[in-house]
Amino acid sequence: MAKNFDVKDAVVVPKEEIQKRGGVVVLSLKEYKKLCEQAVPTYYLSGKEAEEVDELFREGMREYKAGKTTRIRSLSDLD
């Protein structure tokens, strides 16, 4: 049976907007975050590949701590 609700609790989406955009999906924030996490692939490295990435990270952190890095606003700042 449908729950009674006050008008202040309702979300109103105009029919024209729904038709224009091709539909509407209502999800809880928890479900939305879960879908977002699943959309990004996860890669696991092992062996030599993992060691190379770890060393690249350590080298980057050394340069950062030594003040050898600069902040950029976009990739065009790298030119």
Side-chain angles (χ1 to χ4, degrees):
M1 183 166 171
K3 177 183 169 189
N4 292 335
F5 62 91
D6 294 328
V7 173
K8 65 182 179 182
D9 294 333
V11 175
V12 179
V13 180
K15 186 184 247 183
E16 298 81 26
E17 193 68 23
I18 293 171
Q19 291 173 342
K20 183 170 95 175
R21 296 186 183 269
V24 174
V25 176
V26 178
L27 297 171
S28 69
L29 189 56
K30 183 178 180 180
E31 288 175 291
Y32 175 75
K33 288 182 178 181
K34 184 177 178 181
L35 283 173
C36 288
E37 289 171 1
Q38 291 174 348
V40 177
T42 302
Y43 296 97
Y44 295 97
L45 300 177
S46 61
K48 186 175 180 180
E49 289 177 328
E51 291 173 17
E52 289 173 356
V53 171
D54 287 344
E55 181 53 38
L56 186 62
F57 173 78
R58 284 191 288 272
E59 180 183 341
M61 289 305 296
R62 283 192 297 271
E63 290 179 3
Y64 174 75
K65 289 177 183 177
K68 295 180 180 179
T69 59
T70 58
R71 181 172 290 196
I72 62 170
R73 292 180 187 220
S74 72
L75 294 177
S76 64
D77 291 347
L78 293 175
D79 294 338

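Side chains are part of it too, since the values below use all heavy atoms of this structure and drop only hydrogens, waters and symmetry mates.
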For I72, does the CD1 atom sit with more than 12 other heavy atoms under 6.0 Å from it, leaving out its own atoms?
yes

Does R21, at its CZ atom, have more than 12 non-hydrogen atoms belonging to other residues, nucleotides or ligands within less than 6.0 Å?
no

I need the K65 NZ to T69 OG1 distance, nearest 0.5 Å.
12.0 Å

Hydrophobic clustering (ILVMFWY, side-chain heavy atoms < 4.5 Å, transitive) - are V13 and V26 grouped together?
yes

In one Ile/Leu/Val/Met/Phe/Trp/Tyr side-chain cluster, 4.5 Å: V11, I18
yes

Test: E55 and R58 ion pair at under 4.0 Å
yes

Exam field: side chain E63 to backbone G60, donor-acceptor pair closer than 3.5 Å:
no

All side chain to side chain contact (heavy atoms under 4.5 Å, CB included) counterparts of P41, not counting sequence neighbours:
Y43

If you take all heavy atoms of L45 and E49, which pair is closest and at what distance?
CD2-OE1, 3.7 Å

